[in-house]
Amino acid sequence: MSTLPQGASGLPSLGGELSSLAQEARKKQLRVASGIFIAVGILTILANAVLLAMFDSQVDTLLSAELAKQGLRLEDTDPGAHEKARATVARTGYLIFGGAIAIGVVYLVLAALVSRKPVVMTVTGLVLYIASMAIFGLLDPTTLLRGLIIKLLIILVMAKAVSAALAYERAGKSVTA
Amino acid sequence: MNSEGAGERGDAPDTAGGPPDDASHPAAPAEPSLDPGGETASANGAQVSVELPATVEAPAAIAPPAPVECWRCRRATRAGLLCEWCGAALLGAAPGAARSVGRAEDRGVMRVLASYAVLLAISAAVGLIASATESTEDVQSLFDVNRATLILEGLWLFVILVSTRFIPRPAAVPRPAAALRTATWLAALPLLALLLAANVGYHTLLRTYLQAEWIEDGLRIETPTPVVLLVAFLTICVEPGVVEEWFFRFVALGHLRGAMGTGGAVLVSSIMFGLAHIYSPLSIPILTVVGLGFGLVRVATGSLLLPMLLHTLHNAAVLWMELRKCAEN
């Protein structure tokens, strides 16, 4: 600070200045959270769109692997039952990847609304991120370890954003009260 | 405030028991102006140092304290140290106290989120162990779906009980008008039927789209003896009905309400509830809707009893349908 605030004693305006500086810092944290939401959203949409596009060609490989696990070959199975199983696996994949793309879109919506409803959006973003990590970890355990450090950093930044959003809204309320 | 404070005030002129109010006696030069905090004041030209407590209570006989709104339960209560309804410290008037109250609420929200992350981690771990052991038949008999459910619910109960030591008690949801409470109780069964219909309809649509008889690994009861059925009822209906409602509709909703308002809290706690069912990911959308219903009931009745009953009955109905499917197959 190069100049001190003007005032009879200087203290009240200094307090106001400090409080607005704190709000600015929280706003910055929320902007970071918004950036994270956008990045996570776009990456989720792109990655799952690619997986969705490639999935149809992988269904047969997945089915053969499942049959091999049970000690069977493709030729041993009933063609009708195989076709039905193939349709079920393919559609389940479409639902899962489609759902993941929808989650990516939700992140973009959260990013757009984070300045309007900071606490709701940051808490929802954090909950969604942790839960989707757990869900995709359950579906494919290798995803849990992939990029683990980056994932933990994202969780840390989101948790800080929640904390900043709580303080930001509280300070906003005390100003309007 | 206390006898020592009164003794010190003995130096001050008697103001008929009324509160010292400098603003109401601006032209009283003969009296020392009382300056809380031990500041020096001028009296007849002499510097007099008077130490007083920061706040002086008004005697109730002269000026009965106006009721104030409790920051925690939002009910009108007599001004004092504690809220007469929920026992919260009524220190909200002081800015510093308000800030610390706000920080305590923030801590509550952060701890709810941390507990939720632990619950999800447990679900993922149990799910992974269950699916890893499913491929080998000899282990499957030891750790089948029903055992996994039992273990998962037991661990959830343990974590939620432990978390009660670390998460502060949330603010009470304000009790709504009696008419709304009665109407909600009367509408409870139709609402449950609606939620069940939505659940069954959603899963029927899903089955039709996926061309599958079973959506997910549900209940597998080969020999439904009374003991097995009782254990299934306790672990699938009663325990989740009580424990999950307690965590999502009391702890989570209570803390989130203080941070984001009732509407936002109901919505976010429902999303948390739906996403907590990670072992059946395709059911998450409908479970979020069901959670929304339970959350609205919680707010509309101001009590946990009805959401707990509805959750237990909902799960019991699902259990009954699954048993019928088991019997048919």
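Note that these values count all heavy atoms, side chains included, but never hydrogens, waters or copies made by symmetry. So you know, we letter chains A, B, ... as the sequences are listed, proteins then strands, and number each from 1.
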Measure distances from A:A90 to the heavy atoms of chain B and classify the residue's part below 4.5 Å as side chain, backbone, both or neither. neither
Chain B: which of A:V119, A:L95, A:L138 shares the most heavy-atom pairs with it under 4.5 Å? A:L138
Heavy-atom closest pair (B:G264 atom, A:V120 atom, distance to 0.1 Å) is CA-CG2, 4.5 Å
Can you tell me if B:Y209 has over 12 outside heavy atoms packed within less than 6.0 Å of its OH? yes
Work out which heavy atom in B:D106 is nearest to a heavy atom in A:A167; give both atom names and the distance. OD2-N, 4.1 Å
Measure A:L126 against the heavy atoms of chain B and call it side chain, backbone, both or neither at under 4.5 Å. side chain
Stepwise side chain to side chain contact (heavy atoms under 4.5 Å, CB included) test for B:L275 and A:I135: CA-CA 9 Å; B:L275 286 170; A:I135 291 166; 4.2 Å; yes
Taking atom CG of A:L152 as the centre, report whether more than 12 heavy atoms of other residues, nucleotides or ligands fall under 6.0 Å from it. yes
Is chain A contacted by the side chain of B:Y116, its backbone, both, or neither, given a heavy-atom distance below 4.5 Å? side chain
Residue A:L128 versus chain B: region with a heavy atom under 4.5 Å: both
Search all heavy atoms of B:T208 against all heavy atoms of A:R91 and return the closest pair with its distance. O-NH1, 4.4 Å
Sort B:I284 into side chain, backbone, both or neither according to what part of it lies under 4.5 angstrom from a heavy atom of chain A. side chain
Inspect the surroundings of NZ in A:K117 and state if more than 12 heavy atoms from other residues, nucleotides or ligands are less than 6.0 Å away. no
Taking every non-hydrogen atom, the tightest pair across B:A259 and A:L166: CB-CD2, 3.4 Å
What part of B:M272 gets within 4.5 angstrom of chain A, counting heavy atoms only: side chain, backbone, both, or neither? both
Got a second to check how far B:L120's CG is from A:I130's CD1, nearest 0.5 Å? 7.0 Å
B:L128 to A:G137 - nearest heavy-atom pair and separation: CD2-O, 3.6 Å
Note: A:V162 and B:L113 closest approach over all heavy atoms is CG1-CD1, 4.1 Å
